[in-house]
Amino acid sequence: MKQDNILVLDLGSHDNTRITRLIRDLGVYSEIKPHDITKEEIATLNVKGIIINGGENNIIDGKEIDVNDEIYSLGIPVFAVGHKLAKVDNKSSWATTDEDIKEELKVFIFDECRAEKNWNMKNFVNDQVEIIRQQVGDKKVLLALSGGVDSSVVAALLIKAIGKQLTCVHVNHGLMRKGESEDVIEVFQNQLNANLVYVDATDRFLGKLENVSDPEQKRKIIGAEFIRVFEEEARKLDGIEFLAQGTIYPDIIESGTKTAKVVKSHHNVGGLPDDLQFQLVEPLYQLFKDEVRACGLELGLPHDMVYRQPFPGPGLGVRCLGAITRERLTALREADAILREEFASHGLDQKVWQYFTVIPEFKSVGVKNNARCYEYPIILRAVNTIDAMTATIEQIEWPILLKITDRILNEVANVNRVCYDLTPKPCGTIEWE
Ligand code: XMP
């Protein structure tokens with residue numbers, strides 16, 4: 001790694017990620033490392049400065065933890081954040097705004113550490129291209145390309161670095177949104193000239209899901225079948241030695257540090273059988289989500305792909321409630337496309353975090369063309385959140401809601417009613433299943 005690096009040593013503070021982010025905002029690379037990192041490890045990282053950030057969780061197995069004393073003898077400037085601010089404001093953690101903290105950090109990073117402002121996406125891409133070429137040599141790499149932000153950016157980066165040595169496998173589980181698989185083919189096969197294996201596994205997935213109504217069971221079936229299809233495709237390809245994954249920095253942080261409990265274990269394409277052993281290529285592991293998007297733009301990916309709203313792995317499968325039928329799935333997909341179109345034309349796609357449609361299993365009575373009809377309702381949901389742990393609903397303007405309702409009722413078959421979900425999280429989760 002060529003960029004200058006400011007290490008934040010983890011002594012159990014909740015502010016570690018915030019400090020790392022702020023340093024990167026100043027144009028210098030920064031990452032969190034365990035409190036007991038050795039001087040040998042530090043020597044491999046081009047470290048220009050070390051920040052020690054004492055915090056609320058600094059007890060492991062009943063003992064207070066501290067850094068290795070040897071870090072003080074490296075000739076690298078060390079800044080004890082918690083202690084310094086304790087003197088300033090009599091508090092044990094940052095009680096100031098991001099701008100105040102940046103001012104303090106600037107003095108340390110630029111005056112004391114003499115770090116260079118060389119963290120930007122152009123440099124990141126150039127460095128990663130070199131690193132990937134060195135790691136992979138002339139060997140072949142496989143990638144499960146879902147069309148989500150992370151896998152799309154990994155694909156674009158690897159195509160730039162190693163071109164046709166990369167094979168992307170896109171599994172369409174039949175639960176994608178309208179036009180999504182087509183976009184993947186258009187961008188990666190037609191525009192970027194990638195080796196793309198497209199697998200339309202719709203019949204297979206919908207067959208396995210027939211009459212299955214339990215949400216957890218549905219998720220398990222979709223996850224397991226995905227791995228099976230991917231594995232079958234991997235076996236058809238010769239001489240693959242590497243598997244690329246869209247692991248990003250929050251996945252690594254969330255997998256748990258020494259001081260934090262494991263929030264969730266990180267895995268993307270997990271669960272491949274033992275005889276399919278690959279070495280991993282994870283070129284985005286340093287990046288926060290917004291940096292991943294910036295990297296995608298730097299690589300020339302379309303704005304819509306890079307700013308795609310979050311979409312669950314099981315796709316429309318968890319929005320077509322209960323046992324999935326093709327009839328309801330089609331209605332759901334068409335209604336979702338209308339919602340997305342209207343959100344985009346009113347600029348709401350730039351503002352609202354996640355928005356989608358849901359279709360329940362029950363029908364209700366209505367009238368269409370002067371005749372009684374018995375059809376499904378469509379539920380609209382639009383929420384805002386920071387971390388998906390809690391969420392508030394978007395207060396969509398009435399005329400926009402009416403326009404969406406009107407279009408769904410006129411354009412989508414088997415639907416005679418539209419409802420707007422007003423439930424915040426808690427107590428409703430964002431998804432309905
Ligand atoms: P909930 O419904 O739990 O959702 O409030 C929080 C966020 O997570 C997404 N989500 C999933 N993402 N696989 C995923 O990759 C899943 O099984 C899954 N379930 C929920 C959801 O869309 C929301 O953004």
Side-chain angles (χ1 to χ4, degrees), residues 143-154 170-178 180-181 184 205 208-209 212-227 229-230 245-255 263-271 284 288-290 292-293 305-322 324 329 332-333 335-336 339-340 343 348-349 351-360 379-394 420-433:
L143 170 71
L145 176 59
S146 67
V149 180
D150 302 342
S151 69
S152 297
V153 176
V154 172
H170 176 69
V171 178
N172 178 355
H173 50 24
L175 304 165
M176 306 293 275
R177 289 172 296 187
K178 190 173 180 177
E180 216 158 25
S181 288
V184 169
F205 277 82
K208 291 264 174 195
L209 288 165
V212 180
S213 55
D214 177 65
E216 279 312 300
Q217 197 60 26
K218 285 165 71 178
R219 269 204 172 71
K220 276 195 194 126
I221 290 172
I222 296 166
E225 199 58 17
F226 184 89
I227 287 166
V229 174
F230 185 73
Q245 293 202 146
T247 311
I248 69 172
Y249 202 47
D251 298 330
I252 294 194
I253 299 175
E254 282 176 15
S255 291
V263 182
K264 72 175 182 196
S265 52
H266 101 259
H267 58 86
N268 285 335
V269 183
L284 307 183
F288 289 106
K289 194 77 183 188
D290 58 318
V292 175
R293 296 190 210 278
M305 187 169 260
V306 164
Y307 281 90
R308 198 178 92 134
Q309 56 167 321
F311 187 58
L316 299 182
V318 292
R319 298 174 182 171
C320 189
L321 306 185
I324 297 168
L329 189 58
L332 173 70
R333 183 177 285 123
D336 176 76
L339 178 72
R340 286 194 286 141
F343 263 47
L348 288 173
D349 59 332
K351 177 175 175 239
V352 182
W353 197 77
Q354 200 174 12
Y355 45 96
F356 54 87
T357 54
V358 175
I359 191 163
I379 296 150
L380 311 175
R381 187 139 173 79
V383 297
N384 291 307
T385 176
I386 303 233
D387 56 6
M389 304 296 282
T390 63
T392 55
I393 62 136
E394 171 69 14
Y420 188 47
D421 181 357
L422 296 176
T423 321
K425 174 180 182 177
C427 49
T429 48
I430 294 176
E431 304 288 347
W432 272 52
E433 282 192 339

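Just so you know, ligand 1 is whichever comes first in the structure, and atom 1 is the first atom listed for that ligand.
For the pair Pro310 and Trp353, the minimum side-chain heavy-atom distance is below 4.5 Å. A 4.5 Å side-chain heavy-atom check between Ile393 and Thr423 finds every atom pair outside the cut-off. Residues Leu145 and Val154 are not in side-chain contact: their nearest non-hydrogen atoms beyond the backbone lie 4.5 Å or more apart.
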Task: Audit row: Arg319, Ile359, side-chain contact (heavy atoms from CB on, under 4.5 Å) steps and yes/no - done: CA-CA 6 Å; Arg319 298 174 182 171; Ile359 191 163; over 6 Å; no
Open item on the list: Test side-chain contact (heavy atoms from CB on, under 4.5 Å) on Lys178 and Asp336; report intermediate values, then the result.
Closed with: CA-CA 8 Å; Lys178 190 173 180 177; Asp336 176 76; over 6 Å; no
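Under a 4.0 Å N-O distance rule, the pair Arg219/Glu431 does not qualify as a salt bridge.
Listed by chain and number, Arg219, Pro312, Gly313, Pro314, Trp353, Gln354, Ala388, Lys425, Thr429, Ile430, Glu431 each place a non-hydrogen atom less than 4.0 angstrom from ligand 1.
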